[in-house]
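Just so you know, these numbers use all the heavy atoms, side chains as well, and skip hydrogens, waters and symmetry mates. Chain letters run A, B, ... following the sequence lines, proteins first, then strands; residues in each count from 1.
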Protein chains: 2
Amino acid sequence: MDTTIRYLEMLQFLPRYPRKKSLSEIRDHLNACGYKVSDRTIQRDLKKLETPFGLICDDRSIPFGWSFSQVARRGDIAEIDENEALLLMLVRDHLHEIIPLEQLPRMNLMFNRATKVLNANNHEKIHGWKNKIKIKPAFMNYMRPKVESEISSSIIECLLDDKQFEGEYRSRNGLSKHIYNPLGLVSHGVSQRLICYRKTNIDTILHLPLHRFQSCQPLKDDICLPDNFDLEQYLEAGQIEYLYQKDIQLKLQFTHEAGQHLFETPIDPSQEIEITNDGKNLLVKATIHDTETLRRWILGFGVKVKVIEPKYLVKEIAMGNP
Amino acid sequence: MDTTIRYLEMLQFLPRYPRKKSLSEIRDHLNACGYKVSDRTIQRDLKKLETPFGLICDDRSIPFGWSFSQVARRGDIAEIDENEALLLMLVRDHLHEIIPLEQLPRMNLMFNRATKVLNANNHEKIHGWKNKIKIKPAFMNYMRPKVESEISSSIIECLLDDKQFEGEYRSRNGLSKHIYNPLGLVSHGVSQRLICYRKTNIDTILHLPLHRFQSCQPLKDDICLPDNFDLEQYLEAGQIEYLYQKDIQLKLQFTHEAGQHLFETPIDPSQEIEITNDGKNLLVKATIHDTETLRRWILGFGVKVKVIEPKYLVKEIAMGNP
DNA sequence: CTTTGTTAAGACATTATATGTCGCATAAGT
DNA sequence: ACTTATGCGACATATAATGTCTTAACAAAG
């Protein structure tokens, strides 16, 4: 029993492959954790754990170096190295803008572990890790609406189990109670939308922000699926983001400065860029859907971009009509 | 030894608190895993693991229900419930657009585990989980540049260890080799930028996209920090995203339709909304920085928004000058 | 080339732990 | 009130874990 915990403590100390730990390092760590065992025992433990946990022993030089194989099944037990820990902190900040982390306890634990790793090694450093990473949103940063995680997780449960639920929904017109058939969940910017229909109106599929639900009472009844419902198709049809036209041959003329970034981060795999004859502008072509998002993006560049094709879009953008 | 693996197998089967598993469920699971042990043994195991792992035994009714406490230290071992698994899939898709997942092996393992959970329970369902969730970007969706994860993790290591490195950088003007002092890492949209300066030019702090580095040779020398370097301050000064003016009193007039979303997802905590006298428009006020991002956002609404204040911004936007 | 110190690993005795079985008490269902 | 299911204490036994001693291999230093 005590042995089991010691095994775990040891496994959590072993890094992933390129890195490795020697017997003496492992011994020191276990001693620090309050386990007084002989070196021989640790050697035997490692041998025992080797196969079931996919450990690797680098025996090319002495002392041997132990680590988790990169393909180890339970590699999530392994030590988080500083490198990964720092990236995890970036991920945490990113996610924080989208999803409340209370809904992801497991991820939270991981972030806490990563924080500990970084803090532990921090005093050796010239300047601290917290001052080394930051998120800078590249688009407007809306504030995330507050969600009652009990209600939303109850709704997600119904969605998963294909069950109807009775819920109160706060719309502009006030609070109303309906029976809902949940069909899908779409993460759209900072809000999550439930794709569903109300039992009283089976023909209209709605997409309602999750945070507007004020209650959720799961029901025993299975949902009724509309014939051939497909979430991807539903979204492709431009339900959440207005779709003006599919697959247009877009041709934009950017000033060199404004379009520069498209070389490295294209808007679509089909994108091609030409430099105009005078060398001052960029001609960007792509086959893409004409959506509200696209129009707003184009408008955002103001006079620094001109729509060349399609013709109808030239007019719409000139009119400032996203 | 075999016992230890069985413990783990059992712990991975136990859910987090509100949910619970009975002895018979645990026994069936262990049998399915190939462990033939008596019920008595399992009972004793649970008692033994109770304290070190923060397990909870709900003994209010028989059969007892076992689970991980919500504050359990090693709660990441616990079973992933379907609910969380589905959210994890959303998170995965979100992250995929920003960061290559190969750089986050641990997170990848977690996603794989979540996938297994969802697939395992999928056949019982009317329509599959893959058709229940989707990401719909709310802004233009740039494609993520390809990064050589070896180079970038080597650079991040130098950043963490406060070490200089020699690197080849591909700029518009070609490939050049310099010695770099890494100061910080900023995640900016789909690309990551290294805040650093070159040894040959200590006065200019650069922000270079990580994916443009073609090599990284870590050096033994510690970095030299500019006096009082602070990443937050650096970014606040508008280095990555152009800052025109700090803390302006922004006043915008939206059409009701275009500004509607700001009620639920404000652009800033200071935001206030008034409905105009005729009821057709929304007056949105906020104290906010005047940045390139802000201007592009405003321009994106085209004729559906008018800048009221500050005066200088009225002109700039009218000129289509982001 | 030899010496010295460090590390890995086999052998074995000993201790500690894990396990099955039986029996009894108590709670839930009929 | 009866039956069945569940939890748990007790005990014997088998199994696993551990420390100690020893030998062999290797690396670094003289």
Nucleotide-resolved protein contact map, nucleotides 24-30 of chain C, B/S/- at heavy-atom distance under 4.0 Å: ---SS--

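The closest side-chain heavy-atom distance from Leu183(B) to Lys132(A) is not below 4.5 Å. Inter-residue side-chain proximity for Leu86(A) and Ile133(A) is flagged as met; some heavy-atom pair is nearer than 4.5 Å.
Between Asp39(B) and Arg27(B), at least one side-chain N (NZ, or NE/NH1/NH2) sits under 4.0 Å from a carboxylate O, which counts as a salt bridge. Remark: Lys163(B) does not engage Asp221(B) in a salt bridge, criterion side-chain N to carboxylate O under 4.0 Å.
Legend: residues meeting side-chain hydrogen bond (donor to acceptor under 3.5 Å, both in side chains) with Arg92(B), ordered by chain and number and at least two apart, are absent. Residues forming a side-chain hydrogen bond (donor to acceptor under 3.5 Å, both in side chains) with Asp2(B) (at least two apart in sequence, or on another chain): none. Every residue was checked against the side-chain hydrogen bond (donor to acceptor under 3.5 Å, both in side chains) condition with Arg16(B), not counting sequence neighbours, and none meets it. Listed by chain and number, the residues in a salt bridge (Lys or Arg N to Asp or Glu O under 4.0 Å) with Arg198(A) amount to none (sequence neighbours excluded). Scored by the side chain to side chain contact (heavy atoms under 4.5 Å, CB included) test, Asn83(A) finds Arg19(A), Asp81(A), Ser153(B), Ile156(B), Glu157(B) as partners (sequence neighbours excluded).
Taking five base pairs at each end of the helix from dC1(C)-dG30(D) to dT30(C)-dA1(D), the local helix axes there meet at an angle of 50°, rounded to 10°.
dT21(C) atom P lies 11 Å from atom CG of Asp39(B), rounded to whole Å. If you take CE of Met10(A) and C1' of dA17(D), they are 13 Å apart, rounded to a whole angstrom. In this structure, the CZ atom of Phe64(A) is 12 Å from the C1' atom of dA24(D), given to the nearest Å. Rounded to an integer number of Å, the gap from Arg40(A) CZ to dT7(C) P is 15 Å.
No engagement by Tyr35(B) is indicated, since no non-hydrogen atom pair under 4.0 Å with the nucleic acid exists.
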Solution key, residues 47-59 of chain A side-chain donor-acceptor pairs under 3.5 Å, sequence neighbours excluded:
| unit_1 | atom_1 | unit_2 | atom_2 | d |
| --- | --- | --- | --- | --- |
| Lys48(A) | NZ | Tyr7(A) | OH | 3.3 |
| Asp58(A) | OD1 | Arg60(A) | N | 3.1 |
| Asp58(A) | OD1 | Arg60(A) | NE | 2.9 |
| Asp58(A) | OD2 | Lys20(A) | NZ | 2.7 |
| Asp58(A) | OD2 | Arg60(A) | NH2 | 2.8 |

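The side-chain hydrogen bond (donor to acceptor under 3.5 Å, both in side chains) pairs that include a residue from residues 61-77 of chain B number zero, where partners must be two or more places apart or lie in different chains. Counting only residues at least two apart or in different chains, side-chain hydrogen bond (donor to acceptor under 3.5 Å, both in side chains) contacts with residues 28-38 of chain A comprise Ser38(A)-Thr41(A).
For dT19(C), one of the phosphate oxygens OP1 or OP2 lies less than 4.0 angstrom from a side-chain nitrogen or oxygen of Thr3(B). Arg6(B) has no side-chain polar atom (N or O) that falls below the 4.0 Å cut-off from OP1 or OP2 of dA16(D). For the OP1/OP2 pair of dT18(D) and a distance below 4.0 Å, the side-chain nitrogens and oxygens of Thr41(A) include no atom meeting the criterion.
Relative orientation of the Tyr180(A) and Tyr169(A) rings is tilted, given thresholds of 30° and 60° on the angle between their planes.
Of the residues in residues 16-32 of chain A, those lying under 4.0 Å from DNA chain C by heavy-atom distance are Leu23(A). Sorted by residue number, the members of residues 42-51 of chain B with any non-hydrogen atom under 4.0 Å from DNA chain C read Arg44(B), Asp45(B), Lys48(B).
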